[in-house]
Amino acid sequence: MAITLSHGGPTIYRSAAASRQVLVGTIEGVVCLERDAGGSGWHVARRTLADKHIHALLLEPDSGTLFAGMQHGSVFASQDGGETWERRDKGLTRQNIYSLACVRRDTGVRLYVGTEPAHLFCSDDLGHGWTELPALRSVDTSKWNFPAPPNVAHTKHIEFHPHAPDTLFVGVEQGGLLKSTDAGATFRVVPGMDEDVHRTVINPLNPDRMYVTTGIGTYTTSDGGAAWEHTTTPEHEIGGYPDLLVLHPRRPDLLFVASAEKRPGSWRRTHFAGSRISRSTDGGKTWEVLLDRGIPDRLRTAFEAMALEDWGESFSLFAATATGEVWCSDDGGERWNEVATGLAPISKGDHYAAFVTT
């Protein structure tokens, strides 16, 4: 069993046992990490696509096909676990890939790709052909923008209703949260939050309960998005710039968030993100910063990818940084170990450049 760890791909997994492989998307391709014999550590098993900046990795479970979405590099697919790759981008008119997602519908598996500039594409044949869903841009896009050059918004994250596969939520950074109930044929803006939308996570046992991370904190709804509560602000102890968010699929009041102290603009000036990981056991009402658990607090670098794997007896967490480290906890976040270091940065866009000081 393998899972993926990337900025713009899936983040929550359910497995029969803890996976032996983690496929990591870096700015220099895909790194396959494997558990050592006996499970005491990890090692790099192989590297592929070394000339590609990987934004998103997706392992489609039915076919076993692995997809990689790349910065200015389109979409590639592998049918042998990432050892060999082929380009699959027929119909894609945008080549700067930011997000990948898939969902099983009555008619089969559908893949979605989000790009910069912010567009949305889908494929019903495992990426052999792509069709744009232009309704994403049927809303008012006049304020869609992004602070860093080239100042163009991107489709950062795609999430699905757990019981209605044609209902999807698309986060545009910066542009807001959009919702479709007809597999992307139409969209509407979901109001009530900051327009710098990062992630949407939905409680699978109570889908009216949803969480969104943004550039000014987290938001929560208990009524499917009709009303939102601004639950953490830029002054909150978890950090003012939360991005990565996961929940336990069988215990969905248990959440983990990775946040930087301030926005990325400050990282470039100070070469410091002040990142930390926090945990909530009550559905985001309160948070505990994970101190003295093996992972340093207020890291200089930024967390750029996080994943949770529920494997029955316990669950594992993985977090990767813009300076090429991967951290892992196999006991639900109680104790963390640095399982890989010296990798190429795991990074959305040029976030990694803020931490290059020489």
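For clarity, every value in this text was computed on a predicted model and none was experimentally measured. Residue indices begin at 1 and follow the sequence shown.
Scanning for salt bridge (Lys or Arg N to Asp or Glu O under 4.0 Å) contacts around Asp223 gives an empty result, with sequence neighbours left out. Listed by chain and number, the residues in a side chain to side chain donor-acceptor pair (under 3.5 Å) with Tyr112 amount to none (sequence neighbours excluded). Remark: Asp253 engages no residue in a side chain to side chain donor-acceptor pair (under 3.5 Å) (not counting sequence neighbours).
Note that CD1 of Ile27 is 11.0 Å distant from CD1 of Ile54, once rounded to the nearest 0.5 Å. One finds the CZ atom of Arg46 at 10.0 Å from the NE2 atom of His43 (value rounded to the nearest 0.5 Å). Atom NE2 of residue His161 and atom OG1 of residue Thr200 lie 13.0 Å apart, to the nearest 0.5 angstrom.
When every heavy atom of Leu57 is checked against every heavy atom of Val24, the shortest pair comes out as CD1-C, 3.7 Å. Counting all heavy atoms, side chain and backbone alike, Asp89 lies closest to Arg87 at OD2-NE, 2.6 Å.
A salt bridge links Arg268 and Asp350; the closest N-O separation between the charged side-chain nitrogens and carboxylate oxygens is under 4.0 Å.
Side-chain rings of Trp327 and Phe318 stay apart, their centers remaining 6.0 Å or farther from each other. Taking the six-membered ring wherever Trp is involved, the centroid distance between the rings of His55 and Tyr98 falls below 6.0 Å.
Counting only distance, with no hydrogens or angles, the side chain of Glu60 and the backbone of Asp62 share a donor-acceptor pair below 3.5 Å.
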